[in-house]
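Structure record follows, encoded as structure tokens.
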Amino acid sequence: MDDFVNRVTQLQRQVSPAGMTIQADIETKHLCVHSPLGSTCLRLVQLYRPSSSDIQQAATEDVLLVLTAPSRKALEAAATTNYLVLPNGATRIVANGIVLVLDAPAQAAKVSHQVKLTGRTGIVAETLLLHGTRRWSVRELAHQSQISPALAHRVLTRLEQEGLLLTEGSGPDKVRAVRDLRTLAELWSHEEKTPQTVLRGFLYGSSPEAVAQQVLAASPDGAIGTTLAANLYKPTLTRVPLPLRVWVKSDFDPTPLFTLGLEKTDEGANIEFVRSKDDPWCVHRSEEGLPKVSKARAWMEIAEMGGRTQELAEGLLKELEEQR
């Protein structure tokens, strides 16, 4: 609780010029704020590395969420609740004549040596998400993710330190399983880099699926991504937003597509071709039906979209959470 006590002390210094006082009772787990216009006492609920659903389940009018290492989506979910981010993050308390909304103090950027979930390391997160509660040894996970055991171990060490994994055993016999799939998914979504767009164009077709079939017949090494891939896994949308995304390999040659009738354009494009270093999307490429990226990667690609696509994303993530 040291970080919490220190943060409350900082807040008291910040609000005292406005005639406000903040008192925290660690034993009863309450925080009270007094101002000339009113007072309020909130029950403290501590959440470490919460997901957006954790926020939604814990947030009530009489609660102050004390968040440590929240994901971006968790912070978005907390935006209209009362919360405090440790150790020195943003704070929001709005109740009974009290309005206390403070942004996180600016800090100098620090160089992080922590392995990020992006590219080849992101495949580890993808593998974990696709296999539910399976217990993994380092070598099994590395083999399934097609990366070196050393790199797999680095990723697992980070996730274990952040409380996202359950562990069993020790040494060579140590195995790990995902503790909180949703939080891991949101962390990967936050850290994965946007792929490089190598071509945008228009190709006539009677439906998105028809366009995709034409393209993949001419470029059989590709795979459908984003909304169409997600909708093929869990049919939800009656109309898939354009442009369609097709993942291609690093040695992509568009010549067969131009022969097919693809017109290169940015305005009015109904299809885009993307790639990323080392082709990480290939590892869990699905061959069932139209070739497409994995269910986990399809979710990751649409996780930040709005409208009914968000409904699709939520449904897809729930399917990943429910698998055993």
Side-chain angles (χ1 to χ4, degrees), residues 1-4 6-7 44-59 65-78 81 83-91 104 107 109-142 144-145 147-171 174-193 280 296-297 299-300 303-304 317 320-321 323:
M1 292 295 288
D2 288 347
D3 284 340
F4 174 71
N6 291 338
R7 183 61 179 138
L44 302 176
V45 174
Q46 293 179 275
L47 297 174
Y48 177 80
R49 185 63 82 175
S51 68
S52 55
S53 62
D54 293 333
I55 299 291
Q56 293 164 356
Q57 292 172 11
L65 300 177
V66 181
L67 311 177
T68 301
S71 68
R72 180 176 59 190
K73 289 183 73 67
L75 283 177
E76 291 173 356
T81 71
Y83 70 92
L84 180 155
V85 180
L86 298 179
N88 293 305
T91 300
Q107 295 180 339
K110 296 181 179 179
V111 177
S112 175
H113 299 289
Q114 195 175 55
V115 61
K116 298 292 186 181
L117 301 181
T118 180
R120 292 172 63 238
T121 51
I123 302 173
V124 176
E126 184 178 5
T127 302
L128 292 170
L129 294 173
L130 289 171
H131 291 84
T133 56
R134 174 176 170 176
R135 292 183 174 90
W136 296 93
S137 69
V138 172
R139 290 195 173 278
E140 288 172 336
L141 184 59
Q144 195 76 17
S145 303
I147 61 173
S148 70
L151 184 55
H153 185 265
R154 287 179 59 203
V155 178
L156 287 173
T157 298
R158 180 209 168 173
L159 297 180
E160 186 176 345
Q161 289 173 345
E162 298 200 16
L164 296 179
L165 301 179
L166 297 168
T167 62
E168 182 180 310
S170 60
K174 187 173 185 177
V175 293
R176 300 166 176 86
V178 178
R179 178 194 296 273
D180 188 334
L181 185 144
R182 182 175 292 257
T183 301
L184 173 60
E186 292 180 358
L187 180 62
W188 180 37
S189 173
H190 175 66
E191 296 186 351
E192 184 61 89
K193 294 179 181 178
R297 190 170 292 270
W299 172 84
M300 184 271 296
E304 304 297 327
L317 186 55
L320 289 169
E321 289 180 303
Q323 63 192 358

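Residue numbers run from 1 in the order of the sequence given.
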List for me each residue that meets side-chain hydrogen bond (donor to acceptor under 3.5 Å, both in side chains) alongside [X], sequence neighbours excluded, and say none if there are none.
X	answer
Glu168	Arg135
Trp188	Glu192
Thr127	Ser145, His284
Ser137	Glu140

Find the distance between [atom1] ([X]) and [atom2] ([Y]) and round it off to the nearest 0.5 Å.
X	Y	atom1	atom2	answer
Leu317	Ser189	CG	OG	10.0 Å
Leu65	Thr81	CG	OG1	4.5 Å
Asp3	Leu84	CG	CG	10.5 Å
Gln57	Ser51	CD	OG	7.0 Å
Leu156	Leu164	CG	CG	11.0 Å
Leu165	Leu184	CG	CG	7.5 Å

Minimal non-hydrogen separation, [X] against [Y], with atom names:
X	Y	answer
Pro50	Ala69	CD-O, 4.2 Å
Ala142	Ala152	CB-CB, 3.8 Å
Leu320	Leu181	O-CD1, 3.6 Å
Gly163	Tyr48	N-CE2, 4.4 Å
Thr133	Ala177	O-CB, 3.8 Å
Tyr83	Leu75	CE1-CD2, 4.4 Å

So, does Thr121 use its side chain to make a donor-acceptor pair with the main chain of Lys116 at under 3.5 Å?
yes

How about [X] and [Y]: do any of their side-chain heavy atoms sit closer than 4.5 Å?
X	Y	result
Lys73	His190	no
Leu129	Val178	no
Val124	Leu117	no
Val138	Pro149	yes
Pro70	Leu47	no
Ser52	Glu76	no
Leu67	Ile55	yes

Taking only residues two or more places apart in sequence, or in another chain, which ones meet Arg158 in a salt bridge (Lys or Arg N to Asp or Glu O under 4.0 Å)?
Glu162, Glu191

Side chain to side chain contact (heavy atoms under 4.5 Å, CB included) evaluation trace for Leu159 with Leu128
CA-CA 11 Å; Leu159 297 180; Leu128 292 170; 3.9 Å; yes

Would you mind listing every salt bridge (charged side-chain N to carboxylate O under 4.0 Å, His left out) that reaches into residues 176-186, with sequence neighbours excluded?
Glu160-Arg176, Arg182-Glu314, Arg182-Glu321

Trp136 and Gln144: CA distance, side-chain angles, deciding distance, side chain to side chain contact (heavy atoms under 4.5 Å, CB included) verdict
CA-CA 10 Å; Trp136 296 93; Gln144 195 76 17; 3.8 Å; yes

Taking CZ in Arg139 as the centre, count heavy atoms belonging to other residues, nucleotides or ligands within less than 6.0 Å. Is the count above 12?
no

